[in-house]
Protein chains: 2
Amino acid sequence: MSDASTESAASSRIAQALRDDILNGSIAPGQRLRQEDIAERLGGSRLPVREALRILAAEGLVQIEPNKGARVPLLDPGEVETLYRMRERLEPLALSESMAKLSSADLAEISEIQRRIEQGVDVTEFLILDREFHMATYTGCSDEHLMLSVVRLWNSTQHYRRAFMSLTGSGRAQIVNAEHRLLMEALERRDAEDAELYLLGHIRRTRKELVRHPEIFSTGS
Amino acid sequence: MSDASTESAASSRIAQALRDDILNGSIAPGQRLRQEDIAERLGGSRLPVREALRILAAEGLVQIEPNKGARVPLLDPGEVETLYRMRERLEPLALSESMAKLSSADLAEISEIQRRIEQGVDVTEFLILDREFHMATYTGCSDEHLMLSVVRLWNSTQHYRRAFMSLTGSGRAQIVNAEHRLLMEALERRDAEDAELYLLGHIRRTRKELVRHPEIFSTGS
DNA sequence: TAGGTTGTTATTGGATCCAATTTATGCCAC
DNA sequence: GTGGCATAAATTGGATCCAATAACAACCTA
């Protein structure tokens, strides 16, 4: 997901494993992460686990309380709404920084991902492909600070996006596909203004749908 | 600076000390941070130092390379420009989220900070007060994700802001004061639209001034 | 029986020690 | 004299052990 090159072997490996578990839903928000359990399950001692937890805390994927341990944060609707508002501001910027450097090969790959989205409608698969689609549109953005922030925002809201998709099914697939198509077309025209606008609308509409379904935020435990 | 409550005693204490050293310029960009030196200087073993370095890495204040240690990142003009573009997008959002909850006491404090800025023109003092001014305008923003991002952006660019101020002196003080006054007046009118606009202009003008002075980014060593 | 208190257990935080990797230094060959 | 290579010193990464703090449970008292 994020830059694995900046971390050492064991810490990075454990962080990646935990990140995958959190993002694919194996570890749910609110769940506590005991250091010894993780060390035993993933191999290694508690020390790299502690460092891995700090890495994840940096990404907002876990919350560390002194002497109380780490847990996956439970977000309330207001927090998720703000995270989406941040996406609305930052991702159009990433897109505009990216667009100029997108090669035709990049555009072809984006198109291919969208083609696959329009075929398979599995919820799990959609979450992966939708993320790949948007990240592919940002490949030209070379600024790592900006991209780290964007990835953080996606990671922090991943669980609620999945909860929303599981709840509503793929009924909105047509709308999403239309928005993606418009975005792609603007990218091919190299029209940054339009691309930013379509992306903003896409994220904003999703935010409004999310806040209309507060049942997503029930703990469920 | 950021939330000290989420970290344990020693790690948090060391991280705070290092953060202060980096932000006030005692530790310059490019400088390497040897774990044992820090442990000896600030007390404690290398372990809490390692955790502190991870905390700072999360905030973008240091860069960790596996088996090579931590150093304060050296930013190029393009990176700083993007960080400022991110500020232009995020801080107006923080301001609009904050404004509704700003009490008249908050507004009085903001006014008091600005009054002090207009008196003392010391560079070091200005950097502190200017930061206090803007953070005071965000006190009503309760979303910690957004505020963490904003603080990160300020921290990452602090060194270059100081370099710029040291270079140009306080010649631009009148412009900054005018912008601050306009912003304050919009806040008092509870006009979110105007406040966002003035803030955007304030940050954007600063960005343009920064990129016009590439000599700020010379290593100097 | 309910509430508070105390003692026990479980979990995290910190220190020291050892291994692995990198970087610096000096030597040799060309 | 310069470039490459080997060796040695320095520095970081990881594991185990011990201490401190918090969660938990049982007990006692009102």
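In what follows, chains are A, B, ... by sequence order, proteins preceding strands, each numbered from 1.
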_Between dT12(C) (P) and D37(A) (CG): distance, integer Å_ = 8 Å
*Are Q16(A) and R19(A) close enough that a side-chain donor and a side-chain acceptor fall under 3.5 Å?*
yes
_Does anything in residues 152-172 of chain B form a salt bridge (charged side-chain N to carboxylate O under 4.0 Å, His left out)? List the pairs, not counting sequence neighbours._
R172(B)-E209(B)
Detail all sub-3.5 Å separations between protein N/O atoms and N/O atoms belonging to nucleotides 15-21 of chain C.
unit_1: dA15(C); atom_1: OP2; unit_2: S45(B); atom_2: N; d: 2.9
unit_1: dA15(C); atom_1: OP2; unit_2: S45(B); atom_2: OG; d: 3.3

*Take the protein atom CD of E51(B) and the nucleotide atom C1' of dG13(C), then report the distance between them rounded to whole Å.*
8 Å
*Roughly how many Å is it from CD in E40(A) to P in dT12(C), rounded to a whole number?*
13 Å
*For residues 125-151 of chain B, pull every pair meeting ring pair (Phe, Tyr, Trp, His ring centres under 6.0 Å), keeping only residues two or more places apart or in separate chains.*
F133(B)-H180(B), H134(B)-W154(B), H134(B)-H180(B), H134(B)-H202(B)
*Can you tell me the distance, in whole Å, between the CZ atom of R71(A) and the P atom of dA22(D)?*
15 Å
_Residues in side chain to side chain donor-acceptor pair (under 3.5 Å) contact with R204(A), at least two apart in sequence or another chain_ = none
_How many whole angstroms separate atom CD of Q35(A) from atom P of dT11(C)?_
11 Å
Which donor-acceptor pairs under 3.5 Å do side chains of residues 25-33 of chain A form with protein atoms, sequence neighbours excluded?
unit_1: S26(A); atom_1: OG; unit_2: N24(A); atom_2: OD1; d: 2.7
unit_1: Q31(A); atom_1: OE1; unit_2: A28(A); atom_2: N; d: 3.3

_Students often get this wrong, so: under 4.0 angstrom with heavy atoms, is L33(B) touching a base, only sugar-phosphate, or nothing?_
sugar-phosphate
*Verify the contact: side-chain N or O of K68(A) to OP1 or OP2 of dA23(D), cut-off strictly under 4.0 Å; return yes or no.*
yes
_In whole Å, I'd like the distance from the CD atom of E65(A) to the P atom of dT21(D)._
17 Å
*Interatomic distance, Q63(A) atom CD to L75(A) atom CG [nearest 0.5 angstrom]*: 8.5 Å
_Minimum-distance nucleotide (side-chain atoms of R34(A) versus dG14(C), dT11(D), dT12(C))_ = dT12(C)
*Taking only residues two or more places apart in sequence, or in another chain, which ones meet A39(B) in a side chain to side chain contact (heavy atoms under 4.5 Å, CB included)?*
R46(B), V49(B)
*Return the set of residues passing salt bridge (Lys or Arg N to Asp or Glu O under 4.0 Å) with R115(B) (not counting sequence neighbours), or none when no residue passes.*
E112(B)
_In this structure, how many angstroms lie between the P atom of dG13(D) and the CD atom of E36(B), rounded?_
13 Å
*ring pair (Phe, Tyr, Trp, His ring centres under 6.0 Å) with Y84(B): which residues, sequence neighbours excluded?*
none
*asked:* I need the CD1-C1' distance between I55(B) and dG13(C), as an integer number of Å.
replied: 12 Å
*In degrees, rounded to 10°, what is the bend between the two ends of the helix from dT1(C)-dA30(D) to dC30(C)-dG1(D), using five pairs at each?*
10°
_Does a side-chain N or O of S11(A) approach OP1 or OP2 of dG13(D) to a distance below 4.0 Å, or not?_
no
